[in-house]
Amino acid sequence: MQTATNRPIGLESSWLAKLAPEFQLPYMLELREFLLMEKRAGKRIFPSGEEFFSAFRHTPLDRVKVVILGQDPYHGEGQAHGLCFSVRPGVAVPPSLKNIYRELHDELGVPIPGHGYLTSWAGQGVLLLNSVLSVECARAASHRGKGWETFTDRVIDVINHEREGVVFMLWGSYAQRKGAIIDARRHCVLKAPHPSPLSAHRGFFGCGHFVAADRYLVARGEAPVDWRLPALP
């Protein structure tokens with residue numbers, strides 16, 4: 001998680017300015033030791049250590065205009081690369097992301113892409129933030145309760161206080177509990193069931209979040225997000 005100079009790997013400078021103190025707190029030192037022990041034990045961790053903070057590298061703090069909250073990285077081979085819901089090029093689109101694409105198509109007529117690589121969203125200011133930033137291969141949720149949640153709570157707190165007019169998309173009860181600290185007077189808070197196949201039919205489909213987000217941004221004089229994903233080479 002850190003280099004020899006104690007600079008967190010991959011944490012973009014605008015985020016580092018606000019989050020650097022976290023890396024010296026006991027919970028983060030314990031998390032670092034846990035991850036080192038897991039690696040020493042030969043366990044495979046996803047994504048790679050260099051990609052734990054990919055969401056921050058793709059979306060600097062001063063460019064955040066939408067936040068989508070996920071839970072854990074994908075634990076399958078070659079899937080996770082540090083952005084929630086996103087998978088690497090060449091990897092099959094996961095079921096929840098297929099449902100996100102379906103909702104986007106229904107709301108905005110966005111063509112459904114054949115890949116799940118969401119970096120173009122991140123580059124437009126959509127912070128694709130998981131609550132937990134690592135996982136053991138083939139063991140879903142294996143790194144919950146190790147400290148990542150405290151760190152990402154702090155991330156949400158920073159956005160809440162340092163920015164104004166951010167759209168938070170809180171899908172599912174987990175994300176909604178985590179986003180309870182968000183000041184709805186300063187930001188746009190959108191809530192719906194999770195896009196998982198287990199819950200999407202209970203209100204994610206038809207939620208209108210993508211239209212609502214773009215209308216909110218335009219009303220504030222900002223460019224809407226272009227939710228269309230470019231074809232991969």
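Quick caveat: nothing in here was measured; it's all calculated off a predicted structure.
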#### Entry: Contact summary for Val132 and Pro73, nearest pair of heavy atoms
O-CD, 3.1 Å
Show every donor-acceptor pair shorter than 3.5 Å between a side-chain atom in residues 111-123 and any protein atom, with sequence neighbours excluded, or say none if there are none.
unit_1, atom_1, unit_2, atom_2, d
His115, ND1, Tyr117, N, 3.1
His115, NE2, Pro230, O, 2.9
Trp121, NE1, Trp227, O, 3.0

#### Entry: Close side-chain approach of Trp15 and Leu127, heavy atoms under 4.5 Å
yes
### Query
In chain order, what residues pass the side chain to side chain contact (heavy atoms under 4.5 Å, CB included) check against Arg185, with sequence neighbours excluded?
Asp183
### Audit row: His81, Ser54, side-chain hydrogen bond (donor to acceptor under 3.5 Å, both in side chains) steps and yes/no
CA-CA 7 Å; His81 65 107; Ser54 285; 5.7 Å; no
## Note on the structure
When rounded to the nearest 0.5 Å, the distance separating CD1 of Ile159 from CZ of Arg186 is 12.0 Å
### Query
Are the side chain of His105 and the backbone of Tyr101 linked by a donor-acceptor contact shorter than 3.5 Å?
no
### Message
Quick check: do Arg144 and Glu149 have side-chain heavy atoms less than 4.5 Å from each other?
### Response
yes
### Message
I'd like to know if the side chain of Lys43 pairs up with that of Ser142 as donor and acceptor (distance under 3.5 Å, no hydrogens or angles considered).
### Response
no
### Query
Are the side chains of Val166 and Val66 in touch, meaning some heavy atoms are under 4.5 Å apart?
no
### Message
Let's go through Glu162 and Lys18 carefully: what are the C-alpha distance in whole Å and the side-chain angles of both, what is the deciding distance for salt bridge (charged side-chain N to carboxylate O under 4.0 Å, His left out) to 0.1 Å, and is it a yes or a no?
### Response
CA-CA 9 Å; Glu162 298 292 331; Lys18 299 297 179 182; 3.5 Å; yes
### Message
What's the separation between atom SG in Cys207 and atom CZ in Arg202, rounded to the nearest 0.5 Å?
### Response
14.0 Å
### Task
Establish whether Leu36 and Phe52 are linked, either directly or via other cluster members, by ILVMFWY side-chain heavy-atom contacts under 4.5 Å.
no
### Message
Could you check whether any side-chain heavy atom of Val225 comes within less than 4.5 Å of a side-chain heavy atom of Phe210, counting everything from C-beta outward?
### Response
no
#### Entry: Distance-only donor-acceptor check, side chains Gln124 and Arg63, under 3.5 Å
no
### Query
Taking it one step at a time, do Arg40 and Glu33 satisfy salt bridge (charged side-chain N to carboxylate O under 4.0 Å, His left out)?
CA-CA 10 Å; Arg40 290 190 196 112; Glu33 185 59 29; 3.5 Å; yes
#### Entry: Modelled atom types, side-chain donor and acceptor of Ser134 and Trp148, under 3.5 Å
yes
### Query
Is Arg215 atom CZ crowded by more than 12 heavy atoms from other residues, nucleotides or ligands, each under 6.0 Å away?
no
### Summary
For Glu12 and Arg57, the nearest pair of non-hydrogen atoms, with its separation, is CB-CA, 4.0 Å
### Message
Please check this pair: side chain of Asp153 against backbone of Lys178, looking for a donor-acceptor N/O pair closer than 3.5 Å.
### Response
no
### Query
For Phe151 and Phe23, what are the C-alpha separation, side-chain angles and deciding distance, and is it a ring-ring contact (aromatic ring centres under 6.0 Å, His included)?
CA-CA 9 Å; Phe151 177 75; Phe23 289 84; 5.6 Å; yes
### Task
Quick one: closest heavy-atom pair of Asn99 and Pro195, and the distance?
ND2-O, 2.7 Å
### Query
Can you list every ring-ring contact (aromatic ring centres under 6.0 Å, His included) pair that touches residues 182-204, not counting sequence neighbours?
Phe85-His194, Phe168-His187, Trp171-Phe204, His201-Phe205
### Message
The criterion is side chain to side chain contact (heavy atoms under 4.5 Å, CB included); which residues satisfy it with Val87, sequence neighbours excluded?
### Response
Tyr74, Gln79, Val91, Pro94
### Task
Kindly indicate whether the side chain of Leu129, heavy atoms from C-beta on, has any atom under 4.5 Å from the side chain of Ile68.
no
### Summary
OG1 (Thr150) and CG (Leu31) are apart, to the nearest 0.5 Å, by 9.0 Å
### Message
Hydrophobic cluster membership, with links at side-chain heavy-atom distances under 4.5 Å among I/L/V/M/F/W/Y: are Leu133 and Val158 in one?
### Response
yes
### Message
Hydrophobic clustering (ILVMFWY, side-chain heavy atoms < 4.5 Å, transitive) - are Leu83 and Leu104 grouped together?
### Response
yes
### Query
Which heavy atom in Pro193 sits nearest to a heavy atom in Ser199, and how many Å separate them?
CB-O, 3.7 Å
### Query
Is there a side-chain contact between Leu170 and Val67 (heavy atoms, below 4.5 Å)?
no
### Query
Could you give the distance from CE (Met37) to CZ (Arg32), rounded to the nearest 0.5 Å?
13.5 Å
### Message
Return the CG to CD distance between Leu25 and Glu30, rounded to the nearest 0.5 Å.
### Response
10.5 Å
### Task
For residues 81-103, pull every pair meeting salt bridge (charged side-chain N to carboxylate O under 4.0 Å, His left out), keeping only residues two or more places apart or in separate chains.
Glu51-Arg88
### Contacts of Asp226 that satisfy side-chain hydrogen bond (donor to acceptor under 3.5 Å, both in side chains) - sequence neighbours left out
Arg228
### Task
For the pair Phe56 and Phe53, name the ring-plane relationship: parallel under 30°, tilted 30 to 60°, perpendicular over 60°.
tilted
#### Entry: Rounded distance [0.5 Å steps], CG in Leu69 versus CG in Leu128
10.0 Å
### Task
For residues Ala141 and Val135, report the shortest heavy-atom separation together with the two atoms involved.
N-CG2, 3.9 Å
### Query
Do Leu108 and Leu217 sit in the same hydrophobic cluster, where Ile, Leu, Val, Met, Phe, Trp and Tyr count as joined when their side-chain heavy atoms come under 4.5 Å apart?
yes
### Task
Compare all side-chain heavy atoms of Leu35 with those of His143 and state whether any distance is below 4.5 angstrom.
yes
### Audit row: Glu38, Arg44, salt bridge (charged side-chain N to carboxylate O under 4.0 Å, His left out) steps and yes/no
CA-CA 8 Å; Glu38 293 289 280; Arg44 300 177 63 207; over 6 Å; no
### Query
Can you list the steps and then say if Asn130 with Asp72 is a side-chain contact (heavy atoms from CB on, under 4.5 Å)?
CA-CA 6 Å; Asn130 274 318; Asp72 303 272; 5.7 Å; no
### Task
With salt bridge (charged side-chain N to carboxylate O under 4.0 Å, His left out) as the test, would you mind laying out the steps for Glu22 and Arg154 before giving the verdict?
CA-CA 8 Å; Glu22 298 297 303; Arg154 176 62 180 141; 3.6 Å; yes
### Message
For a 4.5 angstrom cut-off between non-hydrogen side-chain atoms, does Glu222 reach Lys65?
### Response
yes
### Query
Is there a path of hydrophobic side-chain contacts, each under 4.5 Å between heavy atoms of I, L, V, M, F, W or Y residues, that connects Ile182 with Tyr174?
no
### Query
Which atoms form the tightest heavy-atom contact between Thr59 and Val126, and what is the distance?
OG1-O, 3.4 Å
